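The structure under discussion appears below in the form of structure tokens.
Quick caveat: nothing in here was measured; it's all calculated off a predicted structure. Side-chain atoms are counted along with the backbone in the values below, which use heavy atoms only and exclude waters and symmetry mates.
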Amino acid sequence: GLTVGPGVTLGTGSNQALAARGGTATDLTVTGTNGNVAKAINVFYPEDYGAVGDRVTNDRAAIQAAIDAASSGTTGGIVQLSKMYALSGTGVLVHHANIEIRGISSGSYWGPSVSCGFIITSPSFAAITVNEPVAGGSYATGGFVARDFSIVGADGTYKTKGNTGIKFARASGGGGVALDCPLIQRVNCQWIATGLQVDRCDSPQIRDCRICDDGEGITLNSSFNATISGCIIWDHTAIGIYCYNVSSIAITNNSIGSSQWGVSTTLSNNVAITANNFTQNSATGTKLGGVRVDGNANISSNVFYGSLGSNDWTYGCVYVAGYSPNEGVNIIGNRMQSTAVGIRFDGGAQKCVSLGNTIVATTYPHVAGNSAKLYSLGNITMGTGSDLFSGGGAFTPMSGQRTLVSGTLVSGTAAIPHQYMTSKVQVQPTTSGTLANAGVLSVTVSGTTATVRSSNAADTSTFSLFIEQ
């Protein structure tokens, strides 16, 4: 190929300018003066189309012109951002395959650049809309990439002004082709109503993004084979990740903090939520829970922590909702702490498993209402309340269950009801301190109730005991 050193100019960077000089568009590389940046001829710069990049001047028309220039050929192209460009009134549209909007890498393995991208300076539009048709019905069918830049509202009030960072549009008129394999990597979204909105996409990948201080983090609608990994999704007034009518999605290795739900799914199936860190990160808001599932899912190896020891999340670290028949929700190997409820099964939940979880809850580790065929195996549960399954839930205990319950003696006696108690249950009493009247505890089991007695009938001490099966 042809290499041109510093100080040599070959037009404005367009293919046409190079062709006029007898060059070949696919072979040209220009070595920049910094010695480590190569500019390929299919890279388009907003400044060549009049962009200012001063964070104030509306550069929408120039950015759109650069995108349109990249869309003019048959192979697509790269729009290279180097500054923060203001967008006002409306955003930019991508309607051609194989378009990449690229910023400058921050040098961190995940960290998006905050030195280039877009500033939204008016309400109610998406900064970038992908797959929006133009005259003649042209659609982007695949290959869109966004990486290494930021999209931010002008100030913190913009997270309530209806803006979106990147939106994959549902085709109007009921037609259109689903967008294949879009990639969003190391993009920072802050102070906007919705960070990323993904509609009708096949195999979208969202990696290593930072989506913070927004109304809602990521929404997926009617998409499948999606991956969300390595992201920080933090401080949202609504939901961190919301999935509606999606199938085969993996949500892995993210740090998620939200005022309502960390992840919420509706009418969605084959959802894997694995190795994430969930935190209730706000002192205000409705504080519903960590993960809400409506459909089938595998929820494993996550850490849930109710914020600041405030013991919120009254719906549970994991809430299996009952809006549609939920069969096959497996909750395996998670740690749940500082929460009002560990796992809650609502009506319609059935054939679900709670396996090998550690649950430290302030009221009930498990709650099951109007549910059937629920199975528990090998959990360690602790809380101020018993591990009760209320509301008519039919929960089947299995071997290996170990639960810590607490109570207070009244005139030397206390009764502890527990769903797990069968003839095989072994109860091991322990005290949470020296008994006030030096009584000795004994425990008897009958049916589903353990009766704790002190040898001193006047004893009013508190106690804790392990129930093992």
(request) Return the set of residues passing side-chain hydrogen bond (donor to acceptor under 3.5 Å, both in side chains) with Thr266 (not counting sequence neighbours), or none when no residue passes. (result) Tyr242, Arg292

(message) For residues 77-104, which residue pairs pass the salt bridge (charged side-chain N to carboxylate O under 4.0 Å, His left out) check, not counting sequence neighbours?
(response) Glu100-Arg102, Glu100-Arg147

(message) Under the rule for side-chain hydrogen bond (donor to acceptor under 3.5 Å, both in side chains), what residues qualify as partners of Gln205, not counting sequence neighbours?
(response) Arg207

(request) Show the numbers, then the answer: is there a side-chain contact (heavy atoms from CB on, under 4.5 Å) between Asp68 and His95? (result) CA-CA 9 Å; Asp68 292 343; His95 44 77; 3.8 Å; yes

(request) To the nearest 0.5 Å, tell me how far Leu81 CG sits from Ile78 CD1. (result) 11.5 Å

(request) Mind checking the OG-CG spacing from Ser223 to Asp199? Nearest 0.5 Å is all I need. (result) 6.5 Å

(request) Identify the heavy atoms of Ser122 and Gly89 that sit nearest to each other, and give their distance. (result) OG-N, 2.7 Å

(message) Any non-hydrogen side-chain atom of Val263 less than 4.5 Å from a side-chain atom of Ile299?
(response) no

(message) With heavy-atom distances below 4.5 Å as the criterion, would you say the side chains of Ile241 and Ile256 are in contact?
(response) yes

(request) Locate the shortest heavy-atom distance separating Met84 from Gly117; write the atom from each residue and the value. (result) SD-N, 3.3 Å

(request) Kindly write out the residues that satisfy side-chain hydrogen bond (donor to acceptor under 3.5 Å, both in side chains) with Asn330, not counting sequence neighbours, or none if the list is empty. (result) none

(request) Considering non-hydrogen atoms only, spot the tightest contact between Ser82 and Cys116 and give its length. (result) C-CB, 3.7 Å

(message) What I'd like to find out is whether the side chain of Ile120 reaches to under 4.5 Å of the side chain of Phe125, using heavy atoms alone.
(response) yes

(message) I'd like to know if the side chain of Tyr244 reaches the main chain of Ser222, judged simply by a donor and an acceptor atom lying under 3.5 Å from each other, with no hydrogens or angles considered.
(response) no

(request) Using the side-chain contact (heavy atoms from CB on, under 4.5 Å) rule, take Phe278 and Val303 through it: C-alpha gap first, then chi angles, then the decisive distance, then the call. (result) CA-CA 6 Å; Phe278 291 92; Val303 175; over 6 Å; no

(request) Quick one: list whatever passes side chain to side chain contact (heavy atoms under 4.5 Å, CB included) with Asn277, sequence neighbours left out. (result) Thr279

(request) Nearest 0.5 Å please: distance from the OG atom of Ser88 over to the CD1 atom of Ile119. (result) 12.0 Å

(request) Please identify each residue that fulfils side chain to side chain contact (heavy atoms under 4.5 Å, CB included) with Ser247, with sequence neighbours left out. (result) Phe224, Asn270

(request) Please report the shortest heavy-atom distance between Ile99 and Ser71, naming the atom on each side. (result) CD1-OG, 3.7 Å

(request) Using side chain to side chain contact (heavy atoms under 4.5 Å, CB included) as the criterion, list what pairs up with Val52, not counting sequence neighbours. (result) Asp54, Thr57, Asp59

(request) Provide the closest heavy-atom pair for Val246 versus Leu220 in the form atom of the first, atom of the second, distance. (result) CG1-O, 3.6 Å

(message) Working to the nearest 0.5 angstrom, can you tell me the gap between Thr265 OG1 and Ile251 CD1?
(response) 8.0 Å

(message) For the CD1 atom of Ile232 and the CG atom of Asp208, what is their distance to the nearest 0.5 Å?
(response) 9.5 Å

(message) Looking at Asn276 and Ser255, would you say the former's side chain and the latter's main chain have a donor-acceptor pair under 3.5 Å?
(response) no

(message) Does Ile101 form a side-chain contact (heavy atoms from CB on, under 4.5 Å) with Phe144? I'd like the steps, not just the answer.
(response) CA-CA 8 Å; Ile101 300 178; Phe144 175 77; 4.2 Å; yes

(request) Please tell me if the side chains of Ile206 and Cys231 come closer than 4.5 Å, counting only heavy atoms from C-beta onward. (result) yes

(request) Evaluate the side-chain proximity of Lys167 to Thr194: yes if any heavy-atom separation is below 4.5 Å, no if none is. (result) no

(request) Search all heavy atoms of Val92 against all heavy atoms of Gln64 and return the closest pair with its distance. (result) CA-OE1, 3.2 Å

(message) With side chain to side chain donor-acceptor pair (under 3.5 Å) as the criterion, how do Glu47 and Tyr85 come out once you've worked through the C-alpha distance, each side chain's angles and the decisive distance to 0.1 Å?
(response) CA-CA 10 Å; Glu47 288 74 13; Tyr85 307 93; 2.6 Å; yes

(request) Measure the spacing between CD1 of Ile249 and CD1 of Ile228 and express it to the nearest 0.5 Å. (result) 4.5 Å

(message) What I'd like to find out is whether the side chain of Leu93 reaches to under 4.5 Å of the side chain of Ile67, using heavy atoms alone.
(response) no

(request) Return the set of residues passing side chain to side chain contact (heavy atoms under 4.5 Å, CB included) with Ser124 (not counting sequence neighbours), or none when no residue passes. (result) none

(request) Name all residues meeting the side-chain hydrogen bond (donor to acceptor under 3.5 Å, both in side chains) criterion together with Asn334; count only those two or more places apart in sequence or in a different chain, and write none if there are none. (result) Asn302, Asn357

(message) Contact between Ile151 and Ile166 at the side-chain level, heavy atoms closer than 4.5 Å - yes or no?
(response) yes

(request) Verify, without hydrogens or angle tests, whether Gln197 (side chain) and Phe168 (backbone) share a donor-acceptor contact under 3.5 angstrom. (result) no

(message) What verdict does the side-chain contact (heavy atoms from CB on, under 4.5 Å) test give for Phe304 and Val291, after you've listed the backbone C-alpha separation in whole Å, the side-chain angles of each residue and the deciding distance to 0.1 Å?
(response) CA-CA 9 Å; Phe304 297 86; Val291 172; 3.8 Å; yes

(request) Not counting sequence neighbours, which residues clear ring-ring contact (aromatic ring centres under 6.0 Å, His included) with Phe118? List them please. (result) Phe149

(message) Can you tell me which residue among Asn254, Ile184, Ile211 is in a side-chain contact (heavy atoms from CB on, under 4.5 Å) with Ile218?
(response) Ile211

